[in-house]
Amino acid sequence: MNFVEELRWRGMLHDIMPGTEELLNKGMASGYIGFDPTADSLHVGHLTQIMTLIHFQRAGHKPYALVGGATGMVGDPSGKSAERNLLSEDVLQHNLTCVKKQLEQFLNFNSGANSAQMVNNYDWFKNFTFLDFIRDVGKHITVNYMMAKDSVKKRLEGDTGMSFTEFTYQLVQGYDFYYLWKHHNCTLQMGGSDQWGNIVTGTELVRRKEGGEAFALTTQLIKKADGTKFGKTESGAVWLDPARTSPYQFYQFWLNTSDADAKSYIRIFTLLSREVIEAMEAEQDAAPHTRVLQKALAKDITIRVHGETEYEKAIKSSDFLFGNTGIEFLNELNDAEVKGLFEGVPNFNISLEELKAGINATDLLAAKTAVFPSKGEAKKMIQGGGVSINRNKIATADDIFNADNLINGKFLVAQKGKKNYFLIVAE
RNA sequence: GGGGGGAUACCAGAGCGGUCAAAUGGGACGGACUGUAAAUCCGUUGCUUCGGCUACGAAGGUUCGAAUCCUUCUCCCCCCA
C-alpha cells in the first residue's frame with residue numbers, strides 16, 4: 001500500500017513537500033504528528049490526524065504520536081484570532097495523561113520495526129534553558145521568516161496582537177521536528193493544513209542547522225458541505241471520551257451526517273476499501289433513504305473509538321428511540337434493561353413522593369430536572385409543540401404529571417424535539 | 001505626547017430622553033415536509049411565583065422617566081508627533 005496514494009484517493013491530502021513521495025517509496029520511514037493537550041480528551045476533529053497515522057503505519061512506516069507537554073504550555077496561534085489563555089501545569093499534566101491514553105488505542109505499538117511510538121516534547125524541553133534555546137535554535141531562523149507565516153501575519157494585521165510567547169510557538173514546534181529527526185531519524189511531519197507553516201519551520205531548521213532533509217505533508221481540514229464547522233453539535237464538541245460524549249451520542253453524531261458529507265467522510269474516517277465504498281455509494285444513490293453510508297460510517301468509527309460492545313448498545317438504543325417500537329415495549333423490560341437502553345442519554349432522578357403529589361410540566365422539566373435551563377424556555381417550547389413525555393406531546397405548560405404516568409412505576413421518557421431524549425427516574 | 005471615534009443580546013449591527021427586553025441580518029433551537037439527510041416554509045431566541053425583576057463596557061450623577069444627557073474609570077480603534 002502506497003501511503004500518499006492512499007491519502008490521495010481518500011481526498012485527505014492537502015499539501016506535500018516535493019521529494020516526500022520518493023522518500024516514502026524507498027522503504028520504511030518515520031513520521032510524526034503532534035497533539036497538543038488543550039483538553040483532557042481528543043474530539044472528532046482529531047480523528048483525521050489519527051487516521052493519517054493509522055494509514056502511515058499500515059503502509060509499513062513507523063508512526064510517532066507526539067503529545068505536546070511543552071508546546072501545550074505555549075499555545076499554537078495557528079487559526080486563532082486571539083491570544084490563548086495559558087493552562088496551568090496541573091491541568092496540562094492531567095490533559096496529557098488522558099490524551100496519551102486515548103492515542104494509544106489507535107495505533108499498533110507492538111508490530112516490530114514499524115511499531116508506533118509515543119513521545120512527549122516536554123522530555124527534551126524541560127532541561128533546555130532559555131539562553132541555550134535562543135543560541136541553538138533561534139539563531140538559525142530569522143524573525144523575517146517567522147513573520148511571513150500566515151498564522152503570525154494574520155495576528156499582526158488583526159486587532160488583538162500577539163504575545164512573544166505565541167510568536168515563539170513555531171520555533172518550539174520546529175525544534176520538535178529537528179529533535180525527532182536527529183534522534184529518531186524521523187524525516188516527515190504531518191498535520192492539518194493549518195500546520196503547514198509550523199511544519200516547514202521544522203524542515204527549515206533541520207536544513208539550516210545540519211544541512212539535513214526533512215519533509216512535510218498536510219491533510220485537508222474537514223468541513224461540512226454547508227460550510228459550517230465539522231465536529232460540533234448543539235451541545236458542543238463531539239469528544240472521544242465516553243464520559244463527555246456517550247457512545248450513543250457519538251454514534252448518533254455520525255449517523256446524522258448529511259448525504260453530501262457522508263461520501264467524503266467514509267473515505268476519511270474508515271479504512272474501508274475503495275471497492276467497498278464505491279459499491280455502497282451506488283447502493284445509497286439507488287435508495288438514499290437507507291443511508292447505507294451513514295450507517296457504515298457510524299459503525300466503523302464507533303467501534304474504533306468505543307469498541308464493539310458499546311456499538312451494539314448504541315444500535316439498540318437508537319433502534320428503540322428512533323424505530324417503530326412503541327413506548328409500551330419498555331413494560332417488557334426490567335429496570336436494568338430500561339436503564340441500559342437509556343444509558344447514552346441524559347438521566348435525571350426525581351423524588352417519587354413529589355411526583356405522586358403531581359408536578360406540572362415546566363417544574364418537572366426545568367426545576368426538578370435540567371431538561372431545560374429555565375422554565376421560560378420549557379414553556380416556550382411546549383407551546384411550540386416541541387416537547388413530549390412518553391412519546392405524547394405535552395399540550396400545555398400546566399399539564400400535571402404524577403405516578404400514573406410512570407412506565408414500570410419508575411420511568412418517564414422526555415423528549416425535547418425529536419432527537420433529544422432524556423430519562424427521568426422516580427425513586 | 002496631541003487630536004478624533006467607539007464599547008448594545010451568541011455574533012454582526014441599528015437605536016441617540018419616554019411608544020426599548022431593544023430594529024435588521026446571521027447563528028442556534030423548535031415545528032411542518034422528509035430519510036434521524038439537504039433545501040424550503042413557519043415559530044422561538046433575558047429571568048419570573050406573570051405582580052414584576054435584572055439588562056445596552058464599569059461606577060456615580062441629572063431627570064417624573066436614560067441604551068440614549070453629564071462626570072470619572074477600564075478597554076479598543078484611527079490620525080498626527
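Letters A, B, ... are given to chains in the order of the sequence lines, protein chains preceding strands, and every chain is numbered from 1.
- Between the P atoms of B/rG5 and B/rC69, the separation comes to 13 Å (whole Å).
- Comparing the same atom, P, in B/rC11 and in B/rG43 gives a spacing of 25 Å after rounding to whole Å.
- Here B/rC69 sits opposite B/rG61 as a Watson-Crick or G-U wobble pair (both hydrogen-bonding atom distances under 3.5 Å).
- Using bins of under 30°, 30° to 60° and over 60° for the plane-to-plane angle, the ring pair A/Y421/A/F322 lands in the perpendicular bin.
- Counting non-hydrogen atoms under 4.0 angstrom, A/Q294 reaches a base of the nucleic acid.
- Residues A/G376 and A/V387 each lie close to RNA chain B; by heavy-atom proximity, the contact nearer the 5' end of the strand is made by A/V387.
- Nucleic acid contact for A/S318: base, since at least one base atom lies under 4.0 Å from a heavy atom of the residue.
- A salt bridge does not link A/E104 to A/K101: none of the charged nitrogens lies less than 4.0 Å from a carboxylate oxygen.
- Considering every non-hydrogen atom in both A/L365 and A/A414, the closest pair reads CD2-CB, 4.1 Å.
- Distance A/D259 CG to B/rU36 C1': 12 Å, rounded to the nearest Å.
- Contact annotation: A/K295 side-chain N/O to B/rA37 OP1/OP2 distance is not under 4.0 Å.
- Taking the ring centre of A/F348 as origin, the terminal cationic atom of A/K368 falls outside the region bounded by 6.0 Å and 45° from the ring axis.
- The distance from atom CG of A/L297 to atom C1' of B/rU36 is 14 Å, rounded to the nearest whole Å.
- A sub-4.0 Å separation between OP1 or OP2 of B/rA37 and a side-chain N or O of A/K224 is absent.
- Residue A/K375 places at least one side-chain N or O closer than 4.0 Å to OP1 or OP2 of B/rU49.
- Here the P atom of nucleotide B/rA37 and the CD atom of A/E281 are 20 Å apart, to the nearest Å.
- By the 30° and 60° cut-offs, the orientation of the rings of A/Y179 relative to A/Y175 is tilted.
- With respect to A/R267 and A/E281, a salt bridge is recorded, a charged nitrogen being found less than 4.0 Å from a carboxylate O.
- B/rU49 atom C1' lies 17 Å from atom CD1 of A/I359, rounded to whole Å.
- Picking from B/rC50, B/rU45, B/rA38 the nucleotide with the shortest atom distance to the side chain of A/K380 gives B/rU45.
- Atom CD1 in A/I382 sits roughly 13 Å away from atom P in B/rG31 (whole-Å rounding).
- Each of A/Y251 and A/D363 was assigned the nucleotide of RNA chain B with the nearest heavy atom; the assignment lying further toward the 5' end belongs to A/Y251.
- Of all heavy-atom pairs spanning A/T257 and A/Q294, the tightest one is O-NE2, 2.8 Å.
- In this structure, A/S374 reaches the B/rC47 phosphate: one of its side-chain N or O atoms is under 4.0 Å from OP1 or OP2.
- Between the CH2 atom of A/W254 and the P atom of B/rA37 there is a distance of 17 Å, rounded to whole Å.
- Both tests hold for A/K62 against A/Y64: distance to the six-membered ring centre under 6.0 Å, angle to the ring axis within 45°.
- Taking the C1' atom of each, B/rC78 and B/rA21 are spaced 34 Å apart, rounded to whole Å.
- B/rC20 is unpaired under the criterion used here, namely a Watson-Crick or G-U wobble arrangement in which both key atom distances are under 3.5 Å.
- Rounded to whole angstrom, the span from the CG atom of A/D398 across to the C1' atom of B/rU49 amounts to 13 Å.
- Between the P atoms of B/rA38 and B/rC47, the separation comes to 27 Å (whole Å).
- Looking at the side chain of A/R291, the nearest of the listed nucleotides B/rG30, B/rA37, B/rG35 is B/rG35.
- At B/rG30, one or more side-chain N or O atoms of A/N420 fall inside 4.0 Å of OP1 or OP2 (strictly under the cut-off).
- Using cut-offs of 30° and 60° on the angle between ring planes, the pair A/F320 and A/F329 is tilted.
- Under the 4.0 Å criterion applied to side-chain N and carboxylate O atoms, A/R8 and A/E5 are assigned as salt-bridge partners.
- Nucleotide B/rC75: paired with B/rG6 (Watson-Crick or G-U wobble, both distances less than 3.5 Å).
- Of the P atoms belonging to B/rC10 and B/rG6, the separation is 23 Å, rounded to the nearest Å.
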Contact list (N/O, under 3.5 angstrom) for nucleotides 39-42 of chain B vs protein:
none

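- Considering only side-chain atoms of A/M381, the nucleotide from B/rC50, B/rG30, B/rA37 that sits closest is B/rG30.
- A distance of about 24 Å separates the C1' atoms of B/rA59 and B/rC77, rounded to the whole Å.
- In this model, no side-chain donor or acceptor of A/E377 finds a partner on the base of B/rU44 within 3.5 Å.
- Nucleotides B/rU40 and B/rC53 are separated by 40 Å at their C1' atoms, to the nearest Å.
- With a cut-off of 3.5 Å on both Watson-Crick or G-U wobble distances, the partner of B/rG35 is given as none.
- Judged by Watson-Crick or G-U wobble contacts below 3.5 Å, the nucleotide B/rG30 has B/rC42 as its partner.
- On the P atoms, B/rU44 is 24 Å away from B/rU34, given to the nearest whole Å.
- Across all strands shown, A/K393 has heavy atoms under 4.0 Å from sugar-phosphate atoms exclusively, and none from any base.
- Here the P atom of nucleotide B/rG31 and the NZ atom of A/K416 are 11 Å apart, to the nearest Å.
- Within 4.0 Å of A/K418, counting heavy atoms only, lies at least one base atom of the nucleic acid.
- Applying the 90° cutoff around 0 to the glycosidic angle, B/rG51 is assigned syn.
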